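Sequence lines set the chain letters: A, B, ... in the order given, protein chains first and strands last, and positions in each chain run from 1. Note that the structure is a prediction, hence the values are computed from the model and not measured.
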There are 2 protein chains.
Amino acid sequence: MASIEKTKQYLTDFKIHPSFQRIAIMKYLFENPVHPTADEIHTALVAVIPTLSKTTVYNTLSLLSQAGAIKELTIDEKQLHYDGYIREHAHFRCNNCGKIIDVAIDNDTLKIESLEKEHNIIITDTQVFYKGYCNECKNKFNY
Amino acid sequence: MASIEKTKQYLTDFKIHPSFQRIAIMKYLFENPVHPTADEIHTALVAVIPTLSKTTVYNTLSLLSQAGAIKELTIDEKQLHYDGYIREHAHFRCNNCGKIIDVAIDNDTLKIESLEKEHNIIITDTQVFYKGYCNECKNKFNY
DNA sequence: TTGTAAATATGTAATGATTACAAAATTAAA
DNA sequence: TTTAATTTTGTAATCATTACATATTTACAA
Ligand SMILES: [Mn+2]
Ligand SMILES: [Mn+2]
Ligand SMILES: [Zn+2]
Ligand SMILES: [Zn+2]
């Protein structure tokens, strides 16, 4: 239950002006940690804010994402999914029902620093994706 | 330099009928390990096989991918990229030039089995993506 | 307070990667 | 050969995302 005040502060901390729409979208992500798509966010919020445009949802999500306030997940072949929980963690996507769940990951198993040195690169983001069948779907596929 | 014969055998091993077009696409992936998109593959091959349709490239890539003969990378927000090298490894994508390079990864850092038990899921695929700036681009972004 | 510029939001049109579909061509095999 | 199955092709549709122009809201100086 992220309050409006907390959400406003969160955005401000990322130097994002907390407009009414931005607060609504950020708050939605906090309260619905299911990695929704832009369209799902819009559908859910337009029921409460009938004037909310889809463009604003897209614009806001890229703004938040670029500022580092949210994460953009490329786990799905068709659409981007968004995550308001930005602490380092991995994701599992069920190939049958599409559900995306959080999975813990050891922060230092990924060896960022050593990879950066080895390849002379700068790593700014890391994503670990697992795909397969969730506990509800695995039976349907002889597992 | 993957020969046509080796490529044909490779497809057969995955129970894929080695048609002329399929061999060409698979061979292209073997010889161009730069993780091309469907469009890049088509553009390169249509110069040699003028009748090759883009639909065939798309169809073949999903066929190969479903059979496990190639990997489909969702590292890019805009397009899918393909990899003919299927042994477990991670990828780094430069946010500036878009280049995707292979990165070694410790096979057992990902703890597949323990995650499967913990969440009661089946994991059939794992992708590790790093994003940032490559050695050629990092200077342009004060790193 | 009022006026004006900057920032933000909106609606519609365009883009472009991918897929659907039906017809044509090729291959298998009866 | 004939016929059926597989594969390829070309075109049209889909649909998530972006571009763009306009409208609205907010900031802030006079
Ligand atoms: Mn998450
Ligand atoms: Mn690779
Ligand atoms: Zn499932
Ligand atoms: Zn680069």
Side-chain angles (χ1 to χ4, degrees), chain A residues 7-8 11-12 14-28 35-67 69-82 93 95 98 100, chain B residues 7-8 11-12 14-28 35-67 69-82 93 95 98 100:
Chain A
T7 306
K8 193 182 285 192
L11 293 177
T12 306
F14 281 98
K15 309 210 188 309
I16 292 168
H17 178 79
S19 71
F20 179 68
Q21 289 87 342
R22 289 171 183 172
I23 293 170
I25 291 166
M26 190 67 241
K27 190 161 174 290
Y28 182 83
H35 318 94
T37 64
D39 193 66
E40 287 167 347
I41 296 168
H42 179 257
T43 300
L45 288 181
V46 82
V48 183
I49 308 167
T51 58
L52 182 69
S53 77
K54 197 170 278 193
T55 300
T56 294
V57 175
Y58 276 104
N59 287 343
T60 300
L61 289 172
S62 27
L63 182 75
L64 295 174
S65 175
Q66 280 198 290
I70 66 175
K71 285 250 182 194
E72 191 175 71
L73 307 183
T74 58
I75 196 172
D76 190 317
E77 300 74 27
K78 312 281 177 194
Q79 303 136 274
L80 293 172
H81 289 254
Y82 293 91
R93 201 268 322 261
N95 288 333
I100 299 172
Chain B
T7 306
K8 192 182 285 191
L11 293 177
T12 306
F14 281 98
K15 308 209 189 309
I16 292 169
H17 177 79
S19 72
F20 179 68
Q21 290 85 343
R22 289 171 182 171
I23 294 170
I25 291 166
M26 190 68 241
K27 190 161 173 289
Y28 182 83
H35 317 94
T37 64
D39 192 65
E40 287 167 346
I41 296 168
H42 179 256
T43 299
L45 288 180
V46 83
V48 182
I49 309 167
T51 57
L52 181 69
S53 77
K54 197 171 278 192
T55 300
T56 294
V57 175
Y58 275 104
N59 286 344
T60 300
L61 291 171
S62 29
L63 182 75
L64 295 173
S65 175
Q66 280 198 289
I70 65 174
K71 285 251 180 191
E72 191 175 71
L73 307 184
T74 59
I75 196 172
D76 190 317
E77 300 74 27
K78 312 282 178 193
Q79 302 137 276
L80 293 172
H81 289 254
Y82 293 89
R93 201 267 323 260
N95 288 332
I100 299 173

query: Could you write nucleotides 7-22 of chain C as a row of B, S and -, 5' to 3', where a protein heavy atom under 4.0 Å of any base atom gives B, of only sugar-phosphate atoms gives S, and otherwise -?
result: -SSBBB----SBBB--

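For residues 41-50 of chain B, no residue pair satisfies the salt bridge (Lys or Arg N to Asp or Glu O under 4.0 Å) rule, not counting sequence neighbours.
B/Thr56 places no side-chain N or O within donor-acceptor distance of the main-chain N or O of B/Leu52, the cut-off being under 3.5 Å. Checked by atom type and distance alone, the side chain of B/Glu40 pairs as donor or acceptor with a backbone atom of B/Thr37 at under 3.5 Å.
For the pair B/Met26 and B/Leu64, the minimum side-chain heavy-atom distance is below 4.5 Å.
Note: NZ (B/Lys15) to P (D/dT6) measures 16 Å, nearest angstrom. B/Leu63 places its CG atom 10 Å from the C1' atom of D/dT7, with the value rounded to the nearest Å.
Side-chain contact of B/Ser62 with B/Ser65: a donor-acceptor pair under 3.5 Å is absent, judged by distance alone.
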